[in-house]
Student: 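This structure is in structure tokens; I'll ask about it shortly.
Small disclaimer: the values here were computed from a predicted structure and weren't measured.
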Amino acid sequence: MAWITKNSSAPIADRTDTPYLSQETKDHFEREIIPRYPTRQAATIPLLHAIQHDHNWLPVQAMEEAAEFLGIPASAVMDTATFYEEFFLQPRGKYTVWVCQSISCEIMGNTKLVDKLSDVLGISPGETTEDGRFTLMNVECIGACGGAPCALVNEKLHENLTVDNVEQILSGLD
Amino acid sequence: MLESPMLLSRVPSVPHGDPADRRTISYDDYVKTGGYEALDKALGMEPKDIIEVVKAAELRGRGGAGFPAGMKWSFLPPQDGEQRFLAINADESEPATFKDQVLIAFDPHQTIEGIAICMRACQLDTAYFYIRGEYHHHRDIFENAIKEAYTHGVFGENSRMGKVNDRWPNLYLHRGAGAYICGEETALLESLEGKRGWPRIKPPFPAVSGAFGRPTIINNVETLATVPPIITNGAEWFKTHGVPRPEGAPPHVPASYGTKLFGVSGPVNKPGVFEEHLGLKLSDAIEKFCGGMMHGKKYKGAIPGGISMGVLGRDQYEAELDFDIGKKYQCLGLGTACVTVIPEDVSMVAMARNCARFYSHESCGQCTPCREGGNWLYKVLSRVEQGDGTTKDLDLLLEVAGSMGSMPGTTICGLADGANWAVRTIMNKFWDEFEAAVSKERFVSLAVVGQ
Ligand SMILES: Cc1cc2nc3c(=O)[nH]c(=O)nc-3n(C[C@H](O)[C@H](O)[C@H](O)COP(=O)(O)O)c2cc1C
Ligand code: SF4
Ligand code: FES
């Protein structure tokens with residue numbers, strides 16, 4: 001979290017001429033999102049979500065563009081972006097596998113799942129496979145404890161996982 | 001046993017229905033089954049009278065702290081024509097808590113109706129539904145339900161609520177981004193403002209100076225979903241549910257009226273969320289609602305309402321799950337009433353380590369006792385778990401844990417109290433396991449000698 005330097009939050013400056021923040025996103029935010037709040041800064045998290053949705057991570061240049069668009073310092077945007085678990089300030093895999101490690105999932109055997117996934121993917125939690133397909137993350141309770149142990153692959157929830165069926169959550173993905 | 005549910009009346013749940021039959025209730029289905037009648041009734045009432053009904057019902061917050069909702073609503077200053085906000089807490093990140101998501105995914109309009117009634121009662125013009133980042137499916141459903149509510153004139157221009165503070169009322173969904181601390185109400189407001197989720201020092205309280213420096217009410221999803229049935233049926237009806245004030249308690253001590261969503265997870269045959277009267281016994285929750293322990297495993301302990309509340313011990317299997325649980329059973333409180341069952345074959349040292357890791361990871365880092373203490377608890381507990389601990393380590397753990405929190409007065413918010421209670425109650429109630437874990441080093445513990 002905030003004060004721990006998580007390996008996904010050391011920013012990489014990756015400059016390009018094409019902006020990360022598209023005109024379309026800007027128009028959408030100007031029309032729909034920004035008027036919802038009394039300040040433009042309040043649109044920071046929605047905007048970061050939108051950029052990350054398009055690019056899968058948040059390059060420094062993207063945060064600078066967001067800051068300029070919102071009329072706040074780039075440092076303010078980065079301050080926010082580094083705080084939240086879901087924002088990646090480094091490239092990550094096409095699929096992020098989030099395995100819950102909180103109490104109910106641990107009781108129901110999550111450690112074995114993480115070991116198995118690490119084995120299959122050849123990476124430790126926090127790392128990305130060399131082919132750029134998968135990032136493996138440990139995460140705290142994802143609110144699906146009735147189906148413990150569970151995991152998210154991008155936005156899809158998988159419940160009642162076992163060592164035998166956990167590999168299936170990686171299959172059928174393009 | 002509860003005869004007819006008030007929160008899950010449209011959502012099949014044990015014992016009234018099969019959770020496998022759950023589906024999302026649309027606006028039309030909601031209205032067909034009496035939905036939005038409470039809002040219509042509320043629109044015919046004076047705002048202050050609505051607050052009086054909620055106060056008379058003694059509805060207590062369902063988000064963890066159990067603060068009386070009607071009282072919170074009456075703390076607002078008089079209107080001054082400027083904006084006033086409602087922030088709905090759908091962050092639901094307390095480990096082992098998964099109750100609000102049932103309301104969001106299956107009967108979103110009951111919550112939306114509660115939101116509208118609260119906005120009417122408190123004269124709030126803008127509401128933000130702060131939903132945790134990982135609820136992807138729920139977010140889509142709720143977004144859609146909000147759209148339906150706009151289409152049918154609950155919010156937006158020409159809302160049936162009329163203008164509030166000279167503005168048409170609005171409800172917006174705001175997505176979090178993965179941070180437990182944003183469930184703390186002032187951290188939620190900071191996050192809403194686009195900043196890192198750092199809890200604020202109180203006072204000022206949000207009712208006076210909350211989101212964007214304006215008066216703001218913050219309530220949990222379930223709290224608001226309980227409001228429509230109260231408005232429809234009245235406070236006296238509501239108080240026929242749950243348990244009254246403990247005998248001899250003065251009238252300002254709030255009771256545990258009403259029903260509650262309980263969510264049970266861990267090694268039980270049918271884990272899940274169901275609704276019952278407050279005061280349900282833990283043993284009944286496990287045996288009658290969840291089909292008993294899985295594979296004949298034995299009960300060893302349970303976490304009554306998210307790990308921040310601490311643990312119930314071996315001899316507390318019959319504990320009544322109501323707001324009085326803290327005093328009676330030496331834990332912090334009822335919390336979210338989402339129970340984790342711990343079986344005999346799981347080490348309590350591992351459980352304490354799991355909790356400590358959570359707090360060390362989720363601390364926002366503002367207060368030294370929380371930031372450093374959480375991390376040290378995790379490190380020392382890991383050492384004890386690996387068999388390298390000493391008896392002195394146990395004393396150290398109790399000392400560090402006991403010094404953390406807003407109740408000892410060393411931190412800004414309650415996250416550190418959670419760490420404090422989780423670690424201390426697990427250690428105190430399962431001391432034998434901790435002693436055994438450090439038995440390589442036979443020093444006599446100061447805690448045992450009583451110092
Ligand atoms: C660290 C921490 C985390 C919290 N997380 C949540 C949460 O996820 N959901 C919630 O409703 N309340 C949470 N709360 C409680 C809120 O601060 C607040 O009391 C509650 O949302 C008020 O609503 P209620 O009165 O309707 O319960 C949390 C509190 C603390 C100290
Ligand atoms: S107690 Fe912990 S989480 Fe709360 S404000 Fe202090 S450091 Fe942050
Ligand atoms: S403990 Fe794993 S989802 Fe809640």
Student: Checking heavy atoms, do the side chain of B:Cys355, its backbone, both or neither come under 4.5 Å from chain A?
Tutor: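 Looking at B:Cys355, just its side chain touches chain A.
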
Student: Sort out for me which of B:Met294, B:Lys195, B:His138, B:Lys270 touches chain A most, counting heavy-atom pairs under 4.5 Å.
Tutor: B:Lys195

Student: How long is the span from the CD atom in A:Glu106 to the CE atom in B:Met351, to the nearest 0.5 Å?
Tutor: 4.5 Å

Student: For the candidates B:Leu192, B:Asn170, B:Val264, which exhibits the highest count of non-hydrogen atom pairs separated by less than 4.5 Å from chain A?
Tutor: B:Leu192

Student: Taking B:Arg357 for its side chain and A:Gln101 for its backbone only, find out whether a donor-acceptor pair lies under 3.5 Å.
Tutor: yes

Student: Determine the minimum heavy-atom distance between B:Ala177 and A:Tyr84, stating which atoms define it.
Tutor: O-CB, 3.3 Å

Student: Who wins among B:Gly133, B:Pro271, B:Gly197 for the most heavy-atom pairs under 4.5 Å with chain A?
Tutor: B:Gly197

Student: Find the distance between CD (A:Gln41) and CZ (B:Phe212) and round it off to the nearest 0.5 Å.
Tutor: 9.0 Å

Student: Does any heavy atom of chain B fall under 4.5 Å from the side chain of A:Leu152, the backbone, both, or neither of them?
Tutor: side chain

Student: For B:Leu173, is it the side chain, the backbone, both, or neither that has a heavy atom closer than 4.5 Å to a heavy atom of chain A?
Tutor: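 Just its backbone gets close to chain A.
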
Student: Which bit of B:Ile342 comes within less than 4.5 Å of chain A, counting heavy atoms only: side chain, backbone, both or neither?
Tutor: both

Student: Please determine whether the number of non-hydrogen atoms from other residues, nucleotides or ligands lying under 6.0 Å from atom CD of B:Glu344 exceeds 12.
Tutor: yes

Student: What part of B:Ile307 gets within 4.5 angstrom of chain A, counting heavy atoms only: side chain, backbone, both, or neither?
Tutor: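 Side chain of B:Ile307 only, per the 4.5 Å heavy-atom cut-off to chain A.
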
Student: Which region of B:Glu94, side chain (C-beta onward) or backbone (N, CA, C, O), has a non-hydrogen atom less than 4.5 Å from a non-hydrogen atom of chain A, or is it both or neither?
Tutor: backbone

Student: Rounded to the nearest 0.5 Å, how far does CD of A:Glu155 lie from CZ of B:Arg139?
Tutor: 5.0 Å

Student: I need the minimum non-hydrogen distance between A:Gly143 and B:Phe98, along with the two atoms involved.
Tutor: O-CB, 3.4 Å

Student: Against chain A, label B:Phe358 side chain, backbone, both or neither, depending on which of its atoms sit under 4.5 Å from a heavy atom there.
Tutor: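 For B:Phe358, the contact with chain A is made by backbone and side chain together.
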
Student: Is B:His174 reaching over with its side chain to a backbone N or O of A:Ala43, donor-acceptor style, under 3.5 angstrom?
Tutor: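 Checking the backbone N and O of A:Ala43 against the side chain of B:His174, no donor-acceptor pair under 3.5 Å is found.
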
Student: Tell me, for B:Ala350 versus chain A, whether the close heavy atoms (under 4.5 Å) come from the side chain, the backbone, both or neither.
Tutor: both

Student: In terms of heavy-atom pairs under 4.5 Å with chain B, which of A:Gly146, A:Gly147, A:Ala148, A:Cys145 leads?
Tutor: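 Most heavy-atom pairs under 4.5 Å with chain B: A:Cys145.
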
Student: Please verify the inter-ring angle class for A:Tyr37 with B:Tyr128; under 30° counts as parallel, over 60° as perpendicular, anything in between as tilted.
Tutor: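 Rings of A:Tyr37 and B:Tyr128: parallel, as their planes differ by under 30°.
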
Student: Relative to chain A, which segment of B:Val268 carries a heavy atom at a distance below 4.5 Å: side chain, backbone, both, or neither?
Tutor: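 The answer is neither part of B:Val268.
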
Student: Which atom pair, heavy atoms only, marks the closest approach of B:Pro95 to A:Cys141?
Tutor: CA-CB, 3.6 Å

Student: Is chain A contacted by the side chain of B:Glu193, its backbone, both, or neither, given a heavy-atom distance below 4.5 Å?
Tutor: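 Contact with chain A involves the backbone of B:Glu193 alone.
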
Student: Under 3.5 Å, is there a donor-acceptor pair between the side chain of B:Glu134 and the main chain of A:Ile142?
Tutor: no

Student: At a 4.5 Å cut-off on heavy atoms, which part of A:Gln52 comes close to chain B: side chain, backbone, both, or neither?
Tutor: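 Answer is neither: A:Gln52 stays 4.5 Å or more from chain B.
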
Student: Can you confirm whether B:Trp376 is buried at CH2, in the sense that more than 12 heavy atoms of other residues, nucleotides or ligands lie under 6.0 Å from that atom?
Tutor: no

Student: Does the side chain of A:Ile107 reach to within under 4.5 Å of the side chain of B:Pro343, using non-hydrogen atoms?
Tutor: yes

Student: Under 4.5 Å, counting heavy-atom pairs only, tell me which of A:Asp79, A:Leu157, A:Thr44, A:Ile33 racks up the most with chain B.
Tutor: A:Asp79

Student: For B:Arg132, is it the side chain, the backbone, both or neither that has a heavy atom under 4.5 Å from a heavy atom of chain A?
Tutor: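 For B:Arg132, the side chain is the part near chain A, not the backbone.
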
Student: Examine whether an atom of B:Cys182 lies under 4.5 Å from a heavy atom of chain A, and if so say whether it belongs to the side chain, the backbone or both; otherwise answer neither.
Tutor: side chain

Student: Between A:Arg36 and B:Thr126, is a side-chain hydrogen bond (donor to acceptor under 3.5 Å, both in side chains) present by the stated rule, with each step listed?
Tutor: CA-CA 9 Å; A:Arg36 297 179 174 187; B:Thr126 307; over 6 Å; no

Student: Chain A: which of B:Gly263, B:Cys290, B:Gly176 shares the most heavy-atom pairs with it under 4.5 Å?
Tutor: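 Of the options given, most contacts go to B:Gly176.
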
Student: Would you call B:Ser191 and A:Ile45 a side-chain contact if the rule is heavy atoms closer than 4.5 Å?
Tutor: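 SC-SC contact between B:Ser191 and A:Ile45 confirmed.
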
Student: For a 4.5 angstrom cut-off between non-hydrogen side-chain atoms, does A:Pro38 reach B:Phe85?
Tutor: yes

Student: What's the spacing between A:His49 NE2 and B:Arg175 CZ if we round to 0.5 Å?
Tutor: 4.0 Å

